[in-house]
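Before any comments, here is the structure.
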Amino acid sequence: MRVLIVEDDAMLRDGLSVGLRLAGFSTEAVEDCADARQALAAGGFQAAVLDLMLPDGSGLDLLAELRARGDALPVLLLTARDRTADKVAGLDAGADDYLGKPFELDELAARLRALVRRGGGRAEAQMEWNGLRLDPARMHGTRDGREIGFSPREFTILQALMERPGAILGKPQLEERIYGWQEEVESNTIEVHVHNLRAKLGAGFIQTVRGAGYRLAATRS
């Protein structure tokens with residue numbers, strides 16, 4: 001899943017970006033409100049991690065702008081201002097969750113997974129399709145008693161397809177999930193990862209819909 005990180009501390013911003021990528025997220029990290037507005041206008045994010053105190057304004061103002069235009073993007077506030085009054089103000093402004101600094105990266109990743117899961121209307125942490133049980137926390141799957149590991153990008157593609165079983169996802173939609181906002185897109189990346197997924201899950205698990213994209217097979221092959 002793609003996450004926007006808005007944090008002005010360069011060391012923390014880089015650490016969040018690297019750490020969340022290792023946890024299976026695709027991240028885009030910016031340092032101020034202006035860059036955040038530009039990234040949000042481009043779209044394609046499943047969640048945002050937002051600091052409150054930014055060089056060119058308040059994270060709460062940015063959050064208010066999102067909610068005023070009806071944008072329901074899950075937002076987690078990440079800030080050193082963790083008094084009860086600050087938490088109440090952030091949540092009442094439209095935040096979905098609040099985490100004070102310092103924090104554990106594992107907890108942040110778990111909270112983001114929960115936000116995206118709830119935003120998608122799912123209660124279960126794990127997903128199942130055609131005998132495959134997918135565990136987002138570990139980026140592993142289990143099928144017929146066999147544990148299957150995935151690379152972060154393989155997992156992201158598979159998760160995107162399992163979030164919408166039966167739907168056809170085009171190559172641009174999948175590229176949007178695995179690449180950052182300003183990353184250069186490699187021409188055959190999706191094809192390579194789908195090939196690797198088929199090698200692990202069976203050739204028929206993911207179907208190619210010519211001229212349209214990919215979808216999960218309706219029944220187990």
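Since this is a predicted model, take the numbers as computed values, not measurements. Scope of the values below: all heavy atoms of this structure, side chains included, with no hydrogens, waters or symmetry mates.
- No side-chain heavy atom of D135 sits less than 4.5 Å from a side-chain heavy atom of T142.
- Proximity of T27 to L16: side-chain heavy atoms (C-beta onward) are nowhere separated by under 4.5 Å.
- Exactly one of L12, T79, D32, L78 qualifies for a side chain to side chain contact (heavy atoms under 4.5 Å, CB included) with D51. That residue is T79.
- Heavy atoms only, all atoms of each residue included: L99 and E107 are closest at CD1-OE2, 3.6 Å.
- Residue E31 holds its CD atom at 8.5 Å from CG of D56, rounded to the nearest 0.5 Å.
- The backbone N or O of G149 sits less than 3.5 Å from a side-chain atom of K200, completing a donor-acceptor pair.
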Practice task
Just do the salt bridge (charged side-chain N to carboxylate O under 4.0 Å, His left out) check on E7 and K101 with the steps written out, would you?
Solution key: CA-CA 12 Å; E7 168 60 58; K101 302 174 184 177; 3.0 Å; yes

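- Contact detail for R143 and N130: the closest heavy-atom pair is NH2-O, 3.1 Å.
- For F45 against A39, the heavy-atom pair with the smallest separation is CE1-O, 3.3 Å.
- Looking only at distances, no side-chain donor or acceptor of E28 sits under 3.5 Å from a matching main-chain atom of L4.
- Within 6.0 Å of CZ in R67 there are more than 12 heavy atoms belonging to other residues, nucleotides or ligands.
- Atom-to-atom distance recorded for L77:CG and D97:CG is 8.5 Å, nearest 0.5 angstrom.
- A donor-acceptor pair under 3.5 Å links the side-chain atoms of D9 to the main chain of M11, judged by distance alone.
- P74 and D96 get closest at one heavy-atom pair: CA-OD2, 3.2 Å.
- Summarising the geometry of S58 relative to C33, their closest heavy-atom pair is O-SG, 4.0 Å, with the distance given to 0.1 Å.
- A heavy-atom distance below 4.5 Å is found between the side chains of R164 and L169.
- Hydrophobic clustering (side-chain heavy atoms under 4.5 Å, transitive across Ile, Leu, Val, Met, Phe, Trp, Tyr) keeps I168 apart from I190.
- Although no hydrogens or angles enter the test, the distance criterion places a donor-acceptor pair under 3.5 Å between the side chain of T156 and the main chain of P152.
- Among all heavy-atom pairs drawn from V194 and Y214, the shortest one is CG1-CE2, 3.9 Å.
- Taking a cutoff of 4.0 Å between a charged side-chain nitrogen and a carboxylate oxygen, E163 and R117 do not qualify as a salt bridge.
- Classification of E147 and R133 as a salt-bridged pair fails, no side-chain N sitting under 4.0 Å from a carboxylate O.
- A salt bridge does not link D71 with R37: every distance from a Lys NZ or Arg NE/NH1/NH2 to an Asp or Glu carboxylate oxygen is 4.0 Å or more.
- Residues W129 and L161 form no side-chain contact, since every pair of their non-hydrogen atoms from C-beta on lies 4.5 Å or further apart.
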